[in-house]
Each structure stands twice: as structure tokens, then as C-alpha cells.
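This report refers to the structure that appears directly beneath it.
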2 protein chains.
Amino acid sequence: MAAPNLNWQQLANCRKIASDDIDNSIRNLAQIIRIHSLTMSIGPKQPTMMDVARLAGVSPMTVSRALKPNTSVSNATREKIRKAADELGYVLDSTAAGLSSRRTGFIAVTIPSINNANFADTLRGLTQGLREANMQVLLGYTDYDVTEEERLVEQFLRRRPEAMIVTGHAHTDRCRRMLEKCGVPVVEMWDLPEHPIDQVVGFSNAYAAKLMVDHFVEQGYRKIGFIGGDPSRDTRGQDRRQGFRSALQFHGLDASRMVAEQRPPITMREGAHSMRIMLEKWPDTEALMCVSDLSAFGAMTECQRQGLRIPDDIAIGGFGAYDLSEQSLPPITTIDVSSEAIGRIAADVIQNLLSKDIAKDPETIHRIEPRLLVRDSSRRRT
Amino acid sequence: MAAPNLNWQQLANCRKIASDDIDNSIRNLAQIIRIHSLTMSIGPKQPTMMDVARLAGVSPMTVSRALKPNTSVSNATREKIRKAADELGYVLDSTAAGLSSRRTGFIAVTIPSINNANFADTLRGLTQGLREANMQVLLGYTDYDVTEEERLVEQFLRRRPEAMIVTGHAHTDRCRRMLEKCGVPVVEMWDLPEHPIDQVVGFSNAYAAKLMVDHFVEQGYRKIGFIGGDPSRDTRGQDRRQGFRSALQFHGLDASRMVAEQRPPITMREGAHSMRIMLEKWPDTEALMCVSDLSAFGAMTECQRQGLRIPDDIAIGGFGAYDLSEQSLPPITTIDVSSEAIGRIAADVIQNLLSKDIAKDPETIHRIEPRLLVRDSSRRRT
DNA sequence: TCTGTATATGTTATCGATAACATCTTCAAG
DNA sequence: CTTGAAGATGTTATCGATAACATATACAGA
């Protein structure tokens with residue numbers, strides 16, 4: 001039997017090459033040979049590149065090229081293909097493209113909470129920075145739980161992301177191992193880990209807390225309290241608490257006025273609740289630092305509800321530079337950590353790492369400088 | 001030449017089958033034959049199922065089965081495979097799995113803004129509802145821009161999601177067409193479209209606004225204003241404005257006290273700014289509805305800054321039942337639209353659609369009932 | 001006219017998994 | 001001891017694209 005000398009176009013119209021059309025010596029090799037019988041697309045299935053190619057009268061490879069920029073395809077052909085694709089309502093299959101090219105276009109990102117303006121800002125910075133590179137963020141939130149983070153990281157690695165971005169330095173052992181061995185750049189953000197996995201874009205939470213304490217002390221406050229969440233979960237909150245404590249100790253002040261009743265993330269309501277406890281236990285507290293602006297706002301309104309004036313009776317400081325702390329009455333002193341910049345920088349870092357594989361910047365720690373924003377909530381009336 | 005009768009194990013150890021080992025009649029068929037020369041994995045590449053199979057002494061198919069629940073694999077084999085996978089640090093490739101099985105496990109979701117507690121709540125409801133089904137949310141935000149939505153939807157469709165969830169009813173023509181023809185369930189949420197694409201989980205924004213107006217009127221307020229954003233972008237805000245207007249007209253009241261200076265989303269700061277304009281233009285305004293709690297808070301603090309008392313001098317109403325409106329001083333009357341429930345229900349709808357393809361529930365509109373939460377910001381002192 | 005270099009297009013061989021089907025064991029019921 | 005159903009495992013043929021290589025065509029310069 002003469003083997004038919006078909007090109008892809010003719011093949012495309014074949015339904016099936018019956019196996020007995022093939023001679024015996026081939027049969028014997030059945031185990032290492034695949035007969036690609038190209039069948040016509042059936043039913044209401046989504047069209048493939050092959051369908052577009054057929055309609056445009058070119059090869060699938062040309063379609064592939066025509067559909068992406070900076071490829072050598074003549075304008076006429078490109079236009080013809082575009083039209084064909086349009087007519088069929090063709091949509092590229094990134095799944096197949098990713099498998100073939102080994103570039104999925106995914107950047108996996110885990111944050112502690114979706115419901116947090118700071119992380120949302122970071123995410124905005126990230127997506128904006130990655131848009132031009134045509135990268136898709138794969139987002140997951142851990143609810144401040146390292147076990148959940150491990151689960152997410154595992155899920156994400158299956159998607160073969162081109163980089164991983166995680167929040168903070170606390171990971172389960174297995175999670176850390178997975179990140180170390182995953183073969184793509186890893187960025188830890190919002191923290192300065194002692195033992196970074198790879199890249200870092202973050203700041204010292206302890207130092208940021210110290211900024212606030214120093215400010216309080218400078219304003220003449222001495223009896224200073226702290227409101228945060230249960231330290232076992234939110235490590236950034238824990239670092240702030242630790243920074244608070246050592247800063248107070250540095251100034252020779254008592255560092256025992258701490259309330260940590262709640263499970264992170266602590267919100268306005270919990271801030272208010274903690275404030276009640278604080279005022280019961282230490283009614284003479286002069287200044288109060290809160291782990292976030294939300295809890296600071298809750299604490300402040302609780303004071304106001306109890307008839308205390310801010311800052312005359314008690315000064316308040318928050319963390320995170322939320323809109324809220326600027327718009328509240330009075331505006332709340334806070335720490336600005338440039339949440340959005342963290343995301344932008346992380347995006348840059350990743351783009352650099354993915355492009356210039358040679359001239360790899362030896363710099364792997366990208367340090368953000370937290371800034372104290374002094375507002376009325378902590379100004380000593382003179 | 002005798003064709004070697006190799007099994008997959010032996011094949012796996014072959015480096016390459018030289019093409020001239022194959023007899024001529026095969027050569028002639030070159031165009032429709034592929035010689036699968038299985039090469040050993042080289043370098044620090046991620047291990048594949050084949051590697052795991054080799055180590056465990058089973059076929060790749062068995063590995064595939066062993067790694068997913070509810071498949072018939074003996075415990076001994078499964079354990080052996082688990083151990084092998086663990087030793088190699090094997091991570092399943094969902095990209096390949098998705099291509100082969102045509103189930104990617106993605107649910108694509110677009111929301112207007114990531115930085116919005118309402119949408120964040122919806123997202124929480126969604127991810128929680130989808131977790132058990134092992135679905136991964138692919139999230140994008142449109143910045144209240146239908147063109148951006150179109151871009152996102154196109155990007156997402158390439159990932160072959162198993163369902164699409166979009167916010168609102170306003171889409172570009174092309175976007176609508178894409179959604180209609182994409183072949184998977186589509187859910188429009190946060191709205192009640194006149195012409196739904198497919199499924200809907202939402203509520204009437206106009207009706208919700210009417211609830212607030214009715215409440216104001218009942219409390220005896222007559223000169224009622226509205227603060228929102230530029231109507232051309234945020235259609236939900238626009239619907240609220242429209243509901244506001246017709247409710248006032250229904251009560252025979254003037255509906256011209258509207259400020260819409262800003263580009264959505266309008267935040268606290270913009271709420272405050274609009275309030276200044278409102279008070280300049282209509283200083284005798286008695287009650288004010290805002291398009292969201294954030295703008296309501298901004299408006300309220302602006303009033304307080306100007307020495308106006310809430311609600312004695314002016315009543316305030318917001319939208320969305322943010323934490324903020326509950327914790328502020330005074331607490332702000334608002335509309336609760338059960339943001340998280342919208343997400344939960346959307347997740348349920350999708351799971352139903354994806355599982356029981358037969359007994360398809362004819363119900364496609366899932367209507368949420370907005371609830372008015374009356375708080376101190378709008379209570380007429382008696 | 002010849003040659004070389006772009007530019008445009010086609011061909012081959014995978015990427016890493018899974019569905020569908022085939023085969024082989026086991027063990028209980030007859 | 002036979003039969004058959006259920007369970008365990010292997011084999012074949014893709015899924016839809018793209019990298020890498022091969023080929024054809026056009027056009028400038030010698």
C-alpha cells in the first residue's frame with residue numbers, strides 16, 4: 001500500500017485513518033508509534049487554532065504567530081487570520097499554550113486577608129505593575145493561618161506560576177520547603193525575614209512600632225498601652241508588639257499595658273472592645289498604640305463614647321495609613337508603610353528576574369522605610 | 001529489522017529512537033506519524049508523573065489515579081506512589097491535567113474594585129463556597145470600567161474557566177457576546193439585569209434606595225439630597241440615584257439636590273468634598289443619602305467639622321452596611337445587601353449547574369432582599 | 001546573474017496529564 | 001471447578017497549543 005502523501009490541509013479533512021490501512025511492520029511498532037488521526041471538530045465545541053487555520057487557509061503555526069505581537073507574519077495574512085478568528089469567535093486556549101511553552105503567565109500571590117485596605121493596595125500595585133507584562137495574578141488569602149497558606153501554596157504550585165509572592169516570613173516547614181524547591185522566584189513581602197527564602201520586599205514592623213513609641217514619648221506621654229490581636233497568628237502584629245515593648249523598655253517605661261483578647265484580624269469592633277478592657281484595667285493610660293488603623297478607630301470611638309477627649313484625655317496611634325485615619329475626627333496618627341509601593345516593587349523585582357536571567361541583580365532585600373504621619377489624635381495641646 | 005516489543009518501563013529508559021532505525025514504509029508516513037521518543041528527564045527539571053511512576057514501579061496512569069480520591073487503587077500501591085511522589089517532591093501539573101480532562105478548576109470573577117469591603121465580602125462568600133468543590137477563583141477588578149471588564153473577560157476566557165461571574169449588568173457589546181457564547185455558566189451579580197445573560201444573583205439598587213428615602217420621609221425629612229459619583233461609570237450607583245429620584249417624586253418632593261462631582265468609586269474624602277458643595281448650594285438640606293457608607297462617613301465628618309450635629313441638623317444615610325457605619329459616632333443608617341450571601345449563593349448556583357446537568361433548576365434569578373438598618377444618624381429626636 | 005540575508009510560512013515533535021478502553025486478578029456463588 | 005462481577009492496573013489516543021527547525025520567496029548588493 002502506498003503511503004498517502006498528505007499535507008495538513010488534506011489531513012484536516014480526513015475523518016480517521018483506519019488502522020488496517022497501515023502495513024504490518026508499522027503495527028509491530030504500535031507501542032512506540034501514535035497515529036495522529038485528525039478528526040473534524042464535532043458539535044458546538046469551541047473552535048481551535050486548527051479551525052481558524054482552515055478557514056484562513058494557513059497552517060496552525062501561522063495562526064499562532066499571527067495572534068501574538070512581534071512575530072513575522074505579513075500584514076495581509078495577519079488580517080486574514082484575525083478576520084477568521086473573529087468570525088469563528090475563536091478564543092486562545094492559555095492552558096494548552098502554557099503547557100507547550102512552559103510559560104503560564106501566572107504570578108501566584110497569597111495575602112492574609114482580602115478584606116484589608118493595605119493588602120488591597122499592595123495587590124493594586126502588583127496587578128498594575130504586572131499588567132504590561134501580561135501576567136495574571138492568582139490570588140489567595142490565608143486568613144492569617146500558616147496551614148492555610150501551605151494549602152494555598154501547594155494548590156498554586158500546581159498551576160506552574162512563573163513566580164510566587166507570599167506575605168510575611170512565617171511558613172510551615174513543608175510550605176517553606178515547597179517554596180525553596182519550586183524553581184521560580186519567590187518574594188516574601190510586608191516583612192524583613194531573618195532567613196529569606198529568596199527575594200524580599202518589606203519593612204521592619206518592630207522599627208515602625210518604635211517610630212510611634214518615640215513620637216508618644218517625645219510628646220510627653222509616659223503611660224502608653226498597646227492593643228493588638230492574639231500574637232500567635234498575625235506575625236506582623238506580633239512584631240509590632242515586640243517593637244513596641246522594646247521601644248518602651250528603651251525609654252525606661254513600663255511595657256505591660258497590653259490587651260490582646262481577639263483573634264486577628266482585629267477590626268473596629270474589636271478595637272472598641274479592647275479599649276473597654278484597657279480602660280478598666282489601666283484607667284490612667286495616656287497614649288495608646290493600636291496594631292492597625294481600624295482598631296485605632298474603634299478604640300477612639302469607644303473613648304469618645306465614654307466622654308474622653310482625643311488627644312486631651314488620651315492619645316491614639318494606628319498603623320497602616322488607611323483613608324479612615326485621615327478622615328476621622330480627629331484624624332489619627334499612623335504609620336505609612338507604602339502598601340501600594342510594596343506591590344509595585346514586587347512586580348518590578350519579578351519582571352527583572354524573569355527577563356534578564358544573566359545580569360541578576362545581587363540585591364535581594366528591598367527595604368521600605370515606614371513613615372510616621374503625625375495627626376491630631378496624638379498632638380499634645382500646648 | 002525486528003520491531004522491539006518494549007513496554008513503557010523500558011521505553012522510559014530509552015534516550016532516543018534514531019529515525020533511521022525505522023523502515024522506509026514508515027518514513028513515507030512521516031507526516032501522520034509521531035515517534036514518541038521518551039527521553040529521560042534532564043537537569044533540575046520538575047519531576048513528572050512519569051518520574052513518579054518509574055520510581056514506584058507502576059504506570060503513569062496508576063499514579064494519576066493514586067493521586068486523586070475515589071479511584072480504584074489498592075492501598076499498598078497508593079502508599080507506594082505517595083511515598084515516591086513525596087521523595088521526588090512531585091507537584092501535579094494542573095495545566096496539563098486541565099488540557100487533558102477539560103476541567104481547569106477555575107471560576108473567573110470580575111468585581112469593580114478590590115478595595116471595597118462589600119465586594120471583598122462577596123469574594124469571601126464565593127471562595128468559601130467553592131473551596132469544597134476544589135475550585136480556584138480567578139479574580140480581576142475592572143475599576144468600574146466596562147472596557148476594562150471586556151479585556152478581563154477575554155483574558156479569563158482563555159483560561160477556560162468552568163464558570164464566569166461578573167458584577168452588574170453593564171457590559172460592552174463584545175463582552176456580552178463573549179459571555180453569551182462562552183459555553184459555561186455565567187452569573188451576573190449585585191444587580192437585577194433587565195436582560196440577563198444567564199444566571200443572576202442580585203438585588204434592585206433602585207428599590208434599596210427607595211427604602212432609604214421612605215425612611216427619611218417617614219422621619220419627617222423633606223429636603224433630601226443625594227451624593228454619588230459620576231453616573232456614567234458606576235451603574236449600581238446610578239441605579240441607586242435613579243431609585244432615589246423616583247422615590248422622591250413618588251412622595252411629591254423635590255429631587256434636584258444631587259452632587260456628583262467625582263469619578264467612582266467615591267471615597268470618604270470625596271464624600272466630604274461633595275458635602276461641602278452640597279452645603280454651599282443647598283444649606284437647608286435636612287437629610288442626605290450617600291451612594292455608599294464610605295462617602296456617608298466622609299460627608300458626616302465634614303458636617304461635624306462645620307459644627308453641624310447629626311442627626312439634629314442633618315440626617316445621613318449610607319449604603320452597604322460596612323463595619324464603619326456601625327462603629328462611627330453616631331452610627332450611620334444604611335442598607336444591608338448581604339454582600340457575603342451574594343457570594344455564597346453564586347457559589348451554590350455554580351456548583352449546582354456544574355454537577356446536575358440534567359435536573360437544571362429553571363430558576364435563574366436569585367433575588368436578594370436589601371434591608372434598611374436604621375441607626376442614630378437618621379433618627380429624628382422626639 | 002549569482003549570492004546572501006531577511007521575511008514569511010510550513011513541518012515535526014513534544015509539553016504532562018487523563019479518558020476510554022483493555023486486560024488481568026480475585027474471590028464468591030453456583 | 002466454572003462463571004462472573006468487581007477491583008486493580010496497563011495501553012492507546014488525544015487535549016490545543018508552541019519551540020525548534022526547515023523551507024520558500026523576495027530583494028539588495030557584488
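In what follows, chains carry the letters A, B, and so on, assigned in the order in which the sequence lines appear, proteins first and then strands, with residues in each chain numbered from 1.
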Here the gap from T142(B) atom OG1 to I114(B) atom CD1, rounded to the nearest 0.5 Å, amounts to 11.0 Å
Among the nucleotides dA17(D), dT18(C), dT9(D), whichever has the atom closest to the side chain of T77(B) is dT9(D)
Practice problem: Mark yes or no for a side-chain to base donor-acceptor pair under 3.5 Å between S101(A) and dT18(D), with no hydrogen or angle criteria applied. | Solution: no
Taken to the nearest whole Å, CZ/R158(A) to C1'/dG16(C) is 14 Å
Here the ring pair (Phe, Tyr, Trp, His ring centres under 6.0 Å) pairs for residues 84-110 of chain B, sequence neighbours left out, are F106(A)-F106(B)
side-chain contact (heavy atoms from CB on, under 4.5 Å) test vs V52(A) passes for just one of L92(A), L88(A), D86(A), namely L88(A)
> So, is K68(B) near the phosphate of dA17(C), with a side-chain N or O under 4.0 Å from OP1 or OP2?
Replying inline: no
Axis-to-axis angle for the helix from dT1(C)-dA30(D) to dG30(C)-dC1(D), ends of five pairs each, to 10°, equals 40°
N70(A) CG to dT18(D) P, in whole Å, measures 15 Å
* To do: Remember a base hit wins even if backbone is also touched, and classify S74(B) as base, sugar-phosphate or nothing at under 4.0 Å, heavy atoms.
  => sugar-phosphate
The residue, R103(A) or N75(B), whose nearest nucleotide of DNA chain D is more 5′ is N75(B)
dist T127(A):OG1 -> I107(A):CD1 (nearest 0.5 Å) comes out at 12.0 Å
**Message:** Under a 4.0 Å threshold between the charged nitrogen and the carboxylate oxygen, would K83(B) count as salt-bridged to E79(B)?
**Reply:** no
**Report entry** R78(B) (side chain) donor-acceptor with A66(B) (main chain) under 3.5 angstrom
**Finding:** yes
Output for pair (T104(B) OG1, R159(B) CZ), nearest 0.5 Å, gives 10.0 Å
For D145(A), the side chain to side chain contact (heavy atoms under 4.5 Å, CB included) test, sequence neighbours excluded, returns T147(A), E148(A), R233(A)
message = Would you say T62(A) places a side-chain N or O within less than 4.0 Å of OP1 or OP2 belonging to dG10(C)?
response = yes
In whole angstroms, the gap separating C1' of dA17(C) from CZ of R102(B) amounts to 13 Å
In whole angstroms, the gap separating P of dG16(C) from CG of L157(A) amounts to 16 Å
Distance col, row T110(B):OG1 vs L139(B):CG, nearest 0.5 angstrom, shows 8.5 Å
Here the distance between atom P of dT9(C) and atom CE of M49(A), to the nearest Å, is 15 Å
So CE of M189(B) and CD1 of I165(B): to nearest 0.5 Å the spacing works out to 6.0 Å
Any side-chain donor-acceptor pair under 3.5 Å between E149(A) and H171(A)? yes
Between the protein and nucleotides 20-26 of chain D, which nitrogen or oxygen pairs come in under 3.5 angstrom?
none

note: L99(B), atom CG; dG16(C), atom P; distance rounded to Å ~ 12 Å
In numerical order, the residues of residues 78-97 of chain A whose heavy atoms come under 4.0 Å of DNA chain C are none
For Q155(A), the side chain to side chain donor-acceptor pair (under 3.5 Å) test, sequence neighbours excluded, returns none
Separation of dA17(D) atom P from R54(A) atom CZ, nearest Å, is 12 Å
* **Below 4.0 Å: OP1/OP2 of dG10(D) and any side-chain N or O of S59(B)** => yes
